[in-house]
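Read the structure below first, then the notes.
As the structure is a computational prediction, the values presented were derived from the model and not from experiment.
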Amino acid sequence: MLLPTSLLSLAVLATIPGQGATPVPADSRQMLLSVSAGWAETKATVERYERVSAHDRWKRVGTPLSASLGQAGLAWGRGLHQGAVDGPIKKEGDETSPAGVFRLREATGYAVAAPPGTRLPYRQATATLRCVDDPRSAHYNHLVEEGRVAKDWTSAEDMRRADDLYRLLVWVGHNDDPVQAGGGSCIFLHFRDTPQDVTAGCTAFDKGRMEELLAWLDPAARPVLVQLPDAVRRKLGALWGLPDPGR
């Protein structure tokens, strides 16, 4: 969901204890590396990388993409990473995009069928498809068809919006394995209207670039999103086996 930049707020600092080996799975052969200038920044540069195997170097493909982040910047989310460095911790409703390492799981869109070339699993966003963001719900951070399950939520995202922002999107595997109530929900890669836009916690791209990205993603390559402020990327890059942006 896109929100005005005037509502930018500061995140509260906390610490995630411990550091470990790379959280990027050995079977991942596609990486989206999203790097912002700092925790509170609302813009990021996103680059695509590929490798043949875990023993090979990551190689950049294509050209960099400009992206919009949450209006409160970044905060550590719940993903494949087990430990990190000082920084804010993401919570429901804090309007930050999640920092860390996350699977890219599936796509949804308004059309009955996915665009040609799409390889991610695809689900049509019907008029009743919801992403539940009420932490008290048993369906928190799940996509459900309203009317097919018992409604126990007071808040949910309409996945078929009146605008074009969710016309094509990718589900980011944040706080979904397992789900922690209040840990943040409904995180996507989706369209933005202008480069000045910010989001409520997603990562948003220009329409043409989002379509290009969707055509590139291959579930057989086990794609991941790695999203970090630049200082953290520099600190953890070697430990996590990350490529240097621009190379």
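- Between Asn141 atom CG and His139 atom NE2 the span is 13.0 Å, to the nearest 0.5 Å.
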Check against side chain to side chain donor-acceptor pair (under 3.5 Å), Ser68 and Asp197: CA-CA 6 Å; Ser68 296; Asp197 289 337; 5.9 Å; no
Would Asp206 and Ser66 count as a side chain to side chain contact (heavy atoms under 4.5 Å, CB included) here? Give the steps. CA-CA 8 Å; Asp206 295 335; Ser66 170; 5.5 Å; no
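- By the 4.5 Å heavy-atom criterion applied to side chains, Ile187 and Lys90 are counted as neighbours.
- Although no hydrogens or angles enter the test, the distance criterion places no donor-acceptor pair under 3.5 Å between the side chain of Asp230 and the main chain of Ser36.
- Using a 30° and 60° split on the angle between ring planes, Trp240 and His81 fall in the tilted class, from 30° to 60°.
- For the pair Leu165 and Tyr110, the tightest heavy-atom approach, listed with the atom from each and the gap, is N-OH, 4.3 Å.
- Side-chain atoms of Thr118 do not come within 3.5 Å of backbone N or O of Leu120 as any donor-acceptor pair.
- Looking at Arg233 and Asp244, their side chains come closer than 4.5 Å, going by heavy atoms from C-beta outward.
- Using modelled atom types, one finds no donor on one side chain facing an acceptor on the other under 3.5 Å when comparing Glu146 with Thr128.
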Would you check, one step at a time, whether the test salt bridge (Lys or Arg N to Asp or Glu O under 4.0 Å) holds for Glu212 with Lys207? CA-CA 9 Å; Glu212 178 185 340; Lys207 294 175 184 177; over 6 Å; no
Evaluate Glu211 against Leu168 for side chain to side chain contact (heavy atoms under 4.5 Å, CB included), listing each step before the verdict. CA-CA 8 Å; Glu211 291 166 342; Leu168 284 173; 4.0 Å; yes
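- Within the 4.5 Å cutoff, side-chain heavy atoms of Leu213 are placed close to those of Arg48.
- Sorted by first and then second residue, the pairs that involve residues 214-227 and meet side chain to side chain donor-acceptor pair (under 3.5 Å), not counting sequence neighbours, are Asp27-Arg222, Ser34-Gln227, Glu50-Trp216, Arg119-Asp218, Thr203-Gln227.
- Using modelled atom types, one side-chain atom of Asp94 and one backbone atom of Thr96 make a donor-acceptor pair closer than 3.5 Å.
- Arg60 forms no cation-pi arrangement with Tyr49, by the criterion of a distance under 6.0 Å to the ring centre and an angle within 45° of the ring axis.
- Both Leu69 and Ile89 are members of a single hydrophobic cluster when ILVMFWY side chains are connected at heavy-atom separations under 4.5 Å.
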I would like to know whether Arg51 and Met31 meet side chain to side chain contact (heavy atoms under 4.5 Å, CB included); could you show each step before the answer? CA-CA 9 Å; Arg51 66 182 179 183; Met31 177 191 294; over 6 Å; no
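- Looking at heavy atoms from C-beta onward, Glu47 lies out of side-chain contact with Thr63 at the 4.5 angstrom threshold.
- Interatomic distance, CG of Leu33 versus CG of Leu228, reported as 7.0 Å (0.5 Å rounding).
- Between Ser97 and Gly70 the shortest heavy-atom distance is OG-N, 2.8 Å.
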The test is side chain to side chain contact (heavy atoms under 4.5 Å, CB included); show your working for Val170 and Leu217 and say whether it passes. CA-CA 10 Å; Val170 175; Leu217 290 169; 4.1 Å; yes
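- Scanning both residues, Pro219 and Pro223, for their nearest heavy atoms gives CA-CD, 4.0 Å.
- Between Phe191 and Asp163, the closest side-chain pair of non-hydrogen atoms is not below 4.5 Å.
- Side chain of His174 to main chain of Arg78: a donor-acceptor pair is present (N/O by atom type, distance under 3.5 Å, no hydrogens or angles).
- Under 3.5 Å, the side chains of Asp134 and Ser155 contain no donor-acceptor pair of N or O atoms.
- Note that the CG atom of Leu189 and the CZ atom of Phe205 stand 5.5 Å from one another [nearest 0.5 Å].
- Contacts classified as side chain to side chain donor-acceptor pair (under 3.5 Å) and involving residues 176-188 (residues at least two apart or in different chains) are given here: Glu92-Ser185, Arg105-Asp176, Trp171-Asp176.
- Follow the hydrophobic side-chain contacts under 4.5 Å out from Leu74 and you reach Val224 in the same cluster.
- Side chains of Pro243 and Arg57 form no contact here, defined as non-hydrogen atoms less than 4.5 Å apart.
- Val144 and Tyr122 fall into different hydrophobic clusters, where Ile, Leu, Val, Met, Phe, Trp and Tyr are joined by side-chain heavy atoms under 4.5 Å apart, directly or via other members.
- Salt-bridge check for Glu145 with Arg123: failed, with every basic side-chain N at 4.0 Å or more from each acidic carboxylate O.
- Looking at Arg29, its side chain does come within 3.5 Å of a backbone N or O of Ala220 through a donor-acceptor pair.
- The side-chain heavy atoms of Thr22 and Leu239, taken from C-beta on, include no pair separated by under 4.5 Å.
- Relative orientation of the Phe188 and Tyr166 rings is perpendicular, given thresholds of 30° and 60° on the angle between their planes.
- When hydrophobic clusters are built by joining Ile, Leu, Val, Met, Phe, Trp and Tyr residues whose side-chain heavy atoms come closer than 4.5 Å, directly or via intermediates, Leu214 is grouped together with Leu104.
- Taking 4.5 Å as the limit, every side-chain heavy atom of Trp39 sits out of range of all side-chain heavy atoms of Asp86.
- Atom CE of Met210 sits about 6.5 Å away from atom CG of Leu169, to the nearest 0.5 Å.
- Not a single donor-acceptor pair under 3.5 Å links the side chain of Asp152 to the backbone N or O of Ser137.
- Interatomic distance, CZ of Arg209 versus CG of Leu65, reported as 4.0 Å (0.5 Å rounding).
- Closest non-hydrogen pair, Pro195 versus Lys43, comes out as O-CE, 2.6 Å.
- Nearest heavy-atom pair across Ala26 and Ala54 is O-CB, 3.5 Å.
- Looking only at distances, no side-chain donor or acceptor of His55 sits under 3.5 Å from a matching main-chain atom of Ser53.
- Distance check for Cys131 and Cys186: the SG atoms are under the 2.5 Å cut-off.
- Residue Lys91 qualifies as open at atom NZ: its count of foreign heavy atoms under 6.0 Å is 12 or below.
- Cluster membership for Phe102 and Val179, using ILVMFWY side-chain heavy atoms within less than 4.5 angstrom, is not shared.
- Distance check, rounded to the nearest 0.5 Å: CZ of Arg103 to OG of Ser28 gives 4.5 Å.
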